Asker: 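Structure incoming, see below.
Side chains included, hydrogens not; waters and symmetry mates left out as well; all remaining heavy atoms used. The chains referred to below are lettered A, B, ... by the order of the sequence lines, with proteins before strands, and numbering in each begins at 1. Remember, it's a predicted structure, so these values are computed and weren't measured experimentally.
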Number of protein chains: 2
Amino acid sequence: MGVTSKQPTTRSRKSPEEVRSAVHQAVIDLLSASGGAELTIPAIAQHAGVNHTSVYRRWGSREALLADVVTTRLERDWPLDDTGTLRGDLIAWVRAGVASIRTTEGRLLVRAVALSMPSGPDAQADRAQHFRRRLHAVERIRERATARGETPPPLESILDQLVAPLYLRAIFGIEPPASGYPELLVDRLLDSTGAPGTD
Amino acid sequence: MGVTSKQPTTRSRKSPEEVRSAVHQAVIDLLSASGGAELTIPAIAQHAGVNHTSVYRRWGSREALLADVVTTRLERDWPLDDTGTLRGDLIAWVRAGVASIRTTEGRLLVRAVALSMPSGPDAQADRAQHFRRRLHAVERIRERATARGETPPPLESILDQLVAPLYLRAIFGIEPPASGYPELLVDRLLDSTGAPGTD
DNA sequence: CATCGTAAGCACAGATGTTTGCTTAGTGGC
DNA sequence: GCCACTAAGCAAACATCTGTGCTTACGATG
């Protein structure tokens with residue numbers, strides 16, 4: 001072969017960082033393509049151009065790998081803005097979530113959260129902590145509101161009225177209303193707790 | 001052996017009905033025991049005392065089997081009462097749901113609904129129909145209310161405010177509030193749609 | 001009572017996923 | 001520049017899942 005400049009073709013081996021990145025991307029790709037059905041470790045490894053033993057040794061199980069990818073991506077793609085008011089923060093957060101689950105990738109990531117959830121009857125603690133992590137943004141918003149002198153709705157209410165609708169729609173692939181959905185959910189939440197007229 | 005009365009030990013083979021029943025029970029058992037991790041067809045078949053080929057031929061795939069079990073059980077365990085009023089019907093339905101997801105089995109069944117959901121990007125239609133089936137009860141409640149002259153909240157609102165919280169809690173194993181939860185959810189729903197004060 | 005169709009069981013084969021021992025490239029400390 | 005450490009790659013064994021051809025019990029029908 002008349003190739004004079006040998007580029008780093010000698011790279012017969014990927015660095016740990018490259019492996020991590022390639023595997024993560026492969027998970028995303030396969031998730032988007034087949035929706036999780038074909039999401040097996042050998043398939044992921046092959047798609048990533050990595051030996052499957054590397055994946056087994058690094059992550060141990062499909063569940064752990066999924067959890068890693070999901071955590072990384074969701075924290076990157078579902079940012080937390082500071083708009084100066086409780087209502088604004090909540091709307092911004094829901095809006096980001098809606099945007100996220102409008103994409104196939106986003107939907108499947110959220111779905112993968114459920115899939116990668118520890119499910120045994122004894123894994124209650126694990127599961128709670130796992131889920132807690134997903135609620136980090138919500139807790140931050142509540143803290144900021146309190147610091148400003150606003151009184152945020154209890155976590156349970158936010159769970160039921162903001163988080164739950166988003167997750168349900170993501171998991172079951174139900175399209176959110178075309179417009180005004182974040183405002184609808186947030187105002188419903190704030191009205192129901194701000195104006196208790198039933199006790 | 002001094003056994004005089006030979007009970008149907010000659011039953012070397014289970015009837016189709018027995019197979020179905022044993023397999024269903026095995027799915028429930030394994031679901032409750034290991035939470036779905038070990039839920040493989042050979043394991044299910046062995047636990048049911050049935051040849052695994054019978055399961056493969058009858059159901060074809062784990063996904064289909066799960067869907068069958070879930071449908072059967074949920075329709076049996078999550079009944080639909082007629083209380084005479086919209087609010088009563090909704091509360092009764094939510095209450096049954098809450099009771100259901102308080103048990104490990106119920107929680108895992110609901111979770112299995114999500115797990116058995118077709119997930120490919122092209123399975124949108126499948127998914128919608130699948131989910132529709134889960135909403136049958138809600139639609140019946142709405143129809144009855146309409147027939148009585150009441151105006152039920154739109155399906156979307158019920159989805160967001162009743163169905164979503166139940167599913168979220170089931171899937172992630174979050175305990176519902178100890179008391180008054182059904183009433184809380186339903187009244188919140190009816191207030192927010194019944195007394196629109198924002199337009 | 002004879003016959004037929006259905007579906008369960010059995011044995012076995014092929015594909016796929018999981019794990020281990022070993023070698024070796026890459027990286028940082030001395 | 002030498003050495004030790006970490007983690008990737010490779011090959012092969014191992015376990016498990018998936019699917020097929022065949023036989024045969026069971027129930028229905030006449």
Side-chain angles (χ1 to χ4, degrees), chain A residues 6-31 33-69 72 112 115-116 118-120, chain B residues 6-31 33-69 72 112 115-116 118-120:
Chain A
K6 54 163 73 170
Q7 76 273 37
T9 290
T10 322
R11 292 300 292 283
S12 56
R13 179 183 293 203
K14 287 186 166 64
S15 77
E17 194 44 52
E18 287 170 316
V19 167
R20 179 181 148 95
S21 152
V23 168
H24 274 221
Q25 189 55 45
V27 170
I28 298 293
D29 291 347
L30 292 185
L31 212 49
S34 71
E38 315 271 330
L39 207 67
T40 124
I41 293 197
I44 294 166
Q46 176 172 4
H47 188 92
V50 159
N51 197 285
H52 63 273
T53 55
S54 300
V55 178
Y56 278 113
R57 286 212 237 254
R58 175 98 79 110
W59 283 276
S61 75
R62 198 187 91 143
E63 195 176 69
L65 170 57
L66 263 189
D68 182 29
V69 173
T72 306
L115 281 168
S116 69
S119 48
Chain B
K6 57 163 73 171
Q7 77 272 34
T9 289
T10 322
R11 294 300 292 283
S12 56
R13 180 183 293 204
K14 286 188 166 66
S15 78
E17 195 44 52
E18 287 169 316
V19 167
R20 179 181 149 95
S21 151
V23 168
H24 274 220
Q25 189 56 48
V27 169
I28 298 292
D29 290 346
L30 293 184
L31 211 50
S34 70
E38 315 271 330
L39 206 67
T40 126
I41 294 199
I44 293 167
Q46 176 172 2
H47 188 92
V50 160
N51 197 286
H52 64 273
T53 56
S54 301
V55 179
Y56 278 114
R57 288 213 238 253
R58 175 98 77 111
W59 284 276
S61 73
R62 196 187 91 142
E63 196 175 66
L65 171 57
L66 263 189
D68 181 28
V69 173
T72 306
L115 280 167
S116 69
S119 48

Asker: What is the separation between atom CZ on B:Arg58 and atom P on C:dG9, rounded to the nearest whole Å?
Answerer: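 After rounding, the gap between these two atoms is 10 Å.
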Asker: Using 0.5 Å steps for rounding, measure from the CG atom of A:Asn51 to the CZ atom of A:Arg57.
Answerer: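 Here the rounded value is 9.0 Å.
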Asker: Which nucleotide in the list C:dA7, C:dC10, D:dA8 gets nearest to the side chain of B:Arg13?
Answerer: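 From the listed options, C:dA7 comes nearest.
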Asker: Using a heavy-atom distance cut-off of less than 4.0 Å, which residues of residues 44-51 of chain B contact DNA chain C?
Answerer: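 Heavy-atom cutoff 4.0 Å gives B:Val50, B:Asn51.
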Asker: What nitrogen or oxygen pairs link the protein and nucleotides 3-5 of chain C at under 3.5 Å?
Answerer:
none

Asker: Kindly determine whether A:Trp59 and A:Val23 satisfy side chain to side chain contact (heavy atoms under 4.5 Å, CB included), including the steps that lead there.
Answerer: CA-CA 11 Å; A:Trp59 283 276; A:Val23 168; 3.9 Å; yes
Asker: What N/O pairs connect the protein and nucleotides 15-18 of chain C at under 3.5 Å? Give each pair on its own line.
Answerer:
| from | atom 1 | to | atom 2 | distance (Å) |
| --- | --- | --- | --- | --- |
| C:dG17 | OP1 | A:Thr40 | OG1 | 3.1 |
| C:dT18 | OP2 | A:Tyr56 | OH | 2.5 |
| C:dT18 | O5' | A:Tyr56 | OH | 3.1 |

Asker: Nearest 0.5 angstrom please: B:Ile44 CD1 to B:His24 NE2, how far?
Answerer: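 So the gap between those two atoms works out to 10.0 Å.
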Asker: Confirm from the modelled atom types if A:Arg57 and C:dT19 form a donor-acceptor pair under 3.5 Å, side chain to base only.
Answerer: no
Asker: Distance check needed: D:dC26 P versus B:Glu18 CD, whole Å only.
Answerer: 10 Å
Asker: Under 4.0 Å between a side-chain N/O of B:Ser54 and OP1 or OP2 of C:dG9, yes or no?
Answerer: yes
Asker: If I take atom CZ from residue A:Arg13 and atom OG from residue A:Ser54, how far apart are they, to the nearest 0.5 angstrom?
Answerer: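 These two atoms lie 8.5 Å from each other.
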Asker: Measure from the side-chain heavy atoms of A:Thr53 and tell me the nearest of D:dA11, C:dA8, D:dT20.
Answerer: D:dA11
Asker: As an exercise, state the distance from OG of A:Ser34 to CG of A:Asp29, rounded to the nearest 0.5 Å.
Answerer: 10.5 Å
Asker: Just how far, in rounded Å, is C1' of C:dA8 from CH2 of B:Trp59?
Answerer: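 B:Trp59 atom CH2 is separated from C:dA8 atom C1' by 12 Å.
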Asker: Could you state the atom-to-atom distance from CD of B:Glu17 to C1' of D:dG27 in whole Å?
Answerer: 14 Å
Asker: Can any side-chain N or O of A:Glu18 pair as donor or acceptor with the backbone N or O of A:Ser15 at less than 3.5 Å?
Answerer: yes
Asker: Below 4.5 Å, heavy atoms only, C-beta onward: do B:Thr72 and B:Arg20 meet side chain to side chain?
Answerer: yes
